[in-house]
Amino acid sequence: MAWMKVRDALGAQPGGAITLKGWVRTRRDSKADGGLSFIQIHDGTCFDPIQVVARGALSNYESEVARLTTGCAIEVDGELVASQGKGQSVEVQANEIRVIGWVDDPDTYPVPQKRHTMEYLREQAHLRVRTNTFGAVARVRHTLAAAVHRFFDEREFYYVHTPIITASDAEGAGQMFRVSTLDLANLPRTPEGGIDFDQDFFAKPSYLTVSGQLNVETYCQALSRVYTFGPTFRAENSNTSRHLAEFWMIEPEIAFADLADDAALAEEMLKYLFDDLLTRRADDMAFFDLRIEPGIVDRLRHIIDSPFRVLPYTEAVDILTRSGKKWEFPVKWGTDLQSEHERYLTEEHFKQPVTVINYPASIKAFYMRLNDDGTDGAPGPTVAAMDTLVPGIGEIIGGSQREERLDVLDSRIKAMGLEPEQYWWYRDLRRYGTVPHAGFGLGFERLIQFATGMKNIRDVIPFPRAPRQAEF
RNA sequence: UCCCCGAUAGCUCAAUUGGUAGAGCGAGCGGCUGUUAACCGCUAGGUUGCUGGUUCGAGUCCAGCUCGGGGAGCCA
């Protein structure tokens, strides 16, 4: 008999013998027709389970079938038939049910068929994917990841595997995790008393990457359109619903391009991803719309159908100043936008995602290109940066046109108190055939949060890493 | 890291001014039913997060710690 996945069985015409393999979601018994049980089976291939009808005449009905509980693994041979009951169009009349794996103590099974809080399920990370919500998140996460690669492949971007371990210790994106093989209990010392990193694996201090950007820029300067999509690490002691110590980031980089090209790419990509998601995972998205975030499907459609709002930083400051709102942090040209300001712009003023561009240079990274808006067209005081802000989460994308002029780049590095020599290979890109180029970073987990309405970022990655959190 | 709130049955929560723990869900058993958020009855299940303190007596008050939630900073 042909083994069919639940998804295929639910979409098939009645008639014919099939085999199902999966896990029991629920079992309901009836004494009608000499006794029978309705068993919902799930195998992860779609949101809905399939109903198996087990007759009392089955040889192991009393001994096994009638004792099945949520979580048991079984195989079913039977006939796919039109359902006599309401709620499903097809079901499987079982001829044989084989129990593959029992649940040894149903009373303490951590994820029985009942409502659970997200906080509780987070403590059962190895079992939570068996629930409706986390199964749906897992499928959505996969679908979005696959769509990212397809989007870039269709546009002739090359996927570059940038390193996870880096020795650049000043990428300016927060605290880094140190990578070392030195014996912590017996550190080698230099004559001056410092730690002798010459004896470490890489003969210098090394860390987990906080961004693949600097590396991917090198490939951009030869392959024109590239991206990296991998894990990144921040050792910040931040405890919020939108930060992780280990998260995945999508970072495209395009040559012969300016900030407008960069913003256009970001908009095209987000629209592509949401459209693909609504098409391929309509079942899971219907669930999120019903149970997690009512209206999420319409909101995504609206984003797909309407042009993005682009807002220069200076205008954003104007809007915030004239809003009449009382701010905890005062709004002033030259300071970064705070959470309360971002929320106002996306949730109250525009009620949609907003891309803020042309930030003051003083609050942005050294590699961002100075705009020529200074006195007499001199570089400064703003940089060609952009942040895409979304309701409920805040920043989801951060990007910029990169500084391609070596002299300007050097002065920016020095102004930030950094050593140009440390960036020698990055500076070489500006010495050998430099071109205008731009790119951005999209936080993958925040994208999933936004697309599903899941409130906590720890619930959209299988095994979240956060301060004091690495159990699984 | 800072501010606020919380931790009691497998899960979600109750427990008057301090007086030795209850319900719903889940689970087990029985009843009813082509069932599907099923329904009805019975049963089991608790060193009240940890350590210490106040008190005749602490789930309840105090201190520290651990964990969780909301917000902030940092950022993606």
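All values derive from a computational prediction rather than experimental measurement. Every chain is numbered from 1 and lettered A, B, ... according to where its sequence line falls, protein lines coming before strand lines.
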For a ring-ring contact (aromatic ring centres under 6.0 Å, His included) check, start with the C-alpha distance between A/F229 and A/F152, then their side-chain angles and the critical distance, and finish with the verdict.
CA-CA 11 Å; A/F229 182 4; A/F152 285 127; 8.8 Å; no
Do A/N358 and A/T382 pass the side-chain hydrogen bond (donor to acceptor under 3.5 Å, both in side chains) test, and can you show the C-alpha distance, the side-chain angles, and the key distance before you say yes or no?
CA-CA 6 Å; A/N358 297 336; A/T382 65; 5.0 Å; no
Tell me, with the steps shown, if A/S30 and A/R28 meet side-chain hydrogen bond (donor to acceptor under 3.5 Å, both in side chains).
CA-CA 7 Å; A/S30 172; A/R28 293 179 297 275; over 6 Å; no
Apply side-chain hydrogen bond (donor to acceptor under 3.5 Å, both in side chains) to residues A/Q124 and A/R130 and explain how you reach the verdict.
CA-CA 10 Å; A/Q124 309 291 338; A/R130 302 174 179 212; over 6 Å; no
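A gap of 13 Å separates the P atoms of B/C39 and B/G24, to the nearest Å. A distance of about 36 Å separates the C1' atoms of B/G49 and B/G41, rounded to the whole Å. For the P atom pair drawn from B/C11 and B/U48, the interatomic distance equals 15 Å after rounding to whole Å. Here the separation of B/G19 from B/U60, taken at their P atoms, is 11 Å to the nearest Å. Taking atom P in both B/A72 and B/A63, one finds a spacing of 28 Å when rounded to whole Å. Only the C1' atoms considered, B/A14 is 13 Å distant from B/A9, to the nearest whole Å. With both ends at atom C1', the span from B/A15 to B/G70 equals 26 Å, rounded to whole Å. Here, B/U54 and B/G73 have their P atoms 43 Å apart, quoted to the whole Å.
Residue side chain A/E91 reaches the base of B/G34 through a donor-acceptor N/O pair under 3.5 Å, judged by distance alone. Under 3.5 Å, the side chain of A/Q88 and the base of B/U35 form at least one donor-acceptor pair of N or O atoms. In the interface, the side chain of A/E395 is not paired with the base of B/G73 through any donor and acceptor atom under 3.5 Å apart. Side-chain atoms of A/Q51 and base atoms of B/U35 include a donor and an acceptor less than 3.5 Å apart.
The side chain of A/R343 lies closest to B/A72 when the candidates are B/G34, B/A72, B/U33. Of the candidates B/C75, B/G34, B/A38, the closest approach to any side-chain atom of A/S83 belongs to B/G34. The nucleotide whose nearest atom lies closest to any side-chain atom of A/Q93 is, among B/G71, B/G73, B/G34, B/G34. Residue A/K31 places its side chain closer to B/C32 than to any other of B/C32, B/C74, B/G68.
Note on A/R55: a base of the nucleic acid sits closer than 4.0 angstrom, heavy atoms only. Residue contacts shown for A/T69 are limited to sugar-phosphate atoms, with no base heavy atom under 4.0 Å away. Counting non-hydrogen atoms under 4.0 angstrom, A/Q40 reaches a base of the nucleic acid.
Atom CD in A/Q338 sits roughly 13 Å away from atom C1' in B/G71 (whole-Å rounding). What separates CG of A/D105 from C1' of B/A9 is a distance of 14 Å, to the nearest Å. Nucleotide B/A72 holds its C1' atom 14 Å from the CG atom of A/D336, rounded to whole Å. Rounding to whole angstrom units, CD1 of residue A/I393 and C1' of B/C74 are separated by 17 Å. The CG atom of A/N239 sits 11 Å away from the C1' atom of B/C67 (whole-angstrom rounding). In this structure, the CD atom of A/E342 is 13 Å from the C1' atom of B/A72, given to the nearest Å. If you take NE2 of A/H341 and P of B/C75, they are 15 Å apart, rounded to a whole angstrom. Distance CH2 (A/W327) to P (B/G73): 12 Å, rounded to an integer number of Å.
Note on A/S339: every side-chain N or O is 4.0 Å or more away from OP1 and OP2 of B/G71. Within the 4.0 Å cut-off from OP1 or OP2 of B/G34, at least one side-chain nitrogen or oxygen of A/S30 is found. OP1 or OP2 of B/A72 has at least one side-chain nitrogen or oxygen of A/R242 nearer than 4.0 Å. A close approach under 4.0 Å does occur between a side-chain nitrogen or oxygen of A/R468 and OP1 or OP2 of B/C67. At B/A37, none of the side-chain N or O atoms of A/Q113 fall inside 4.0 Å of OP1 or OP2 (strictly under the cut-off).
When each of A/T228, A/T232, A/N215 is tested with A/T162 by the rule side chain to side chain donor-acceptor pair (under 3.5 Å), just one qualifies, namely A/T228.
Glycosidic conformation at B/U35 (O4'-C1'-N9-C4 for purines, O4'-C1'-N1-C2 for pyrimidines): anti, more than 90° from 0.
Both A/I396 and A/Q469 sit near RNA chain B, but only A/Q469 has its closest nucleotide nearer the 5' end. When each of A/E445 and A/K455 is assigned the nucleotide of RNA chain B bearing its nearest heavy atom, the one mapping closer to the 5' terminus is A/K455.
The side chain to side chain donor-acceptor pair (under 3.5 Å) test applied to A/Y426 returns A/E217, A/R430, not counting sequence neighbours.
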I'd like a list of close polar pairs between nucleotides 10-13 of chain B and the protein, N/O only, cut-off under 3.5 Å.
residue : atom : partner : partner atom : Å
B/C11   : O2'  : A/K114  : NZ           : 3.4
B/C11   : O2   : A/K114  : NZ           : 3.2
B/U12   : OP1  : A/T117  : OG1          : 3.4

Tabulated below should be each protein N or O lying under 3.5 Å from an N or O of nucleotides 4-6 of chain B; please produce it.
none

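Atom OH of A/Y219 has 12 or fewer heavy atoms from other residues, nucleotides or ligands within 6.0 Å.
Nearest approach of A/L121 to A/R128, heavy atoms of both residues: O-CD, 3.5 Å. Across every non-hydrogen atom of A/F350 and A/L311, the tightest pair is CE1-CD2, 3.8 Å.
Under the 4.5 Å side-chain criterion, counting only non-hydrogen atoms from C-beta, A/I292 is in contact with A/M454.
A distance-only check finds a donor-acceptor pair linking the side chain of A/E347 to the backbone of A/G392 [under 3.5 Å].
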Name the atoms and distances for all side-chain donor-acceptor pairs under 3.5 Å in residues 329-337 of chain A, with sequence neighbours left out.
residue : atom : partner : partner atom : Å
A/W333  : NE1  : A/T314  : OG1          : 3.0
A/T335  : OG1  : A/K332  : O            : 2.9

Compile the donor-acceptor pairs under 3.5 Å between side chains in residues 111-120 of chain A and protein atoms, sequence neighbours left out, one pair per line.
residue : atom : partner : partner atom : Å
A/H116  : NE2  : A/P112  : O            : 3.1
A/T117  : OG1  : A/Y120  : N            : 3.1
A/Y120  : OH   : A/P110  : O            : 2.8

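Ring-centre distance between A/Y207 and A/F177: not below the 6.0 Å cut-off.
Between A/E64 and A/R98 there is no salt bridge, since no side-chain N of the basic residue sits under 4.0 Å from a carboxylate O of the acidic one.
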In dot-bracket, 5' to 3', how would RNA chain B read with Watson-Crick or G-U wobble pairs under 3.5 Å, [ ] for crossing ones and | for pairs to another strand?
(((((((..((((.....[..)))).(((((.......))))).....(((((..]....))))))))))))....
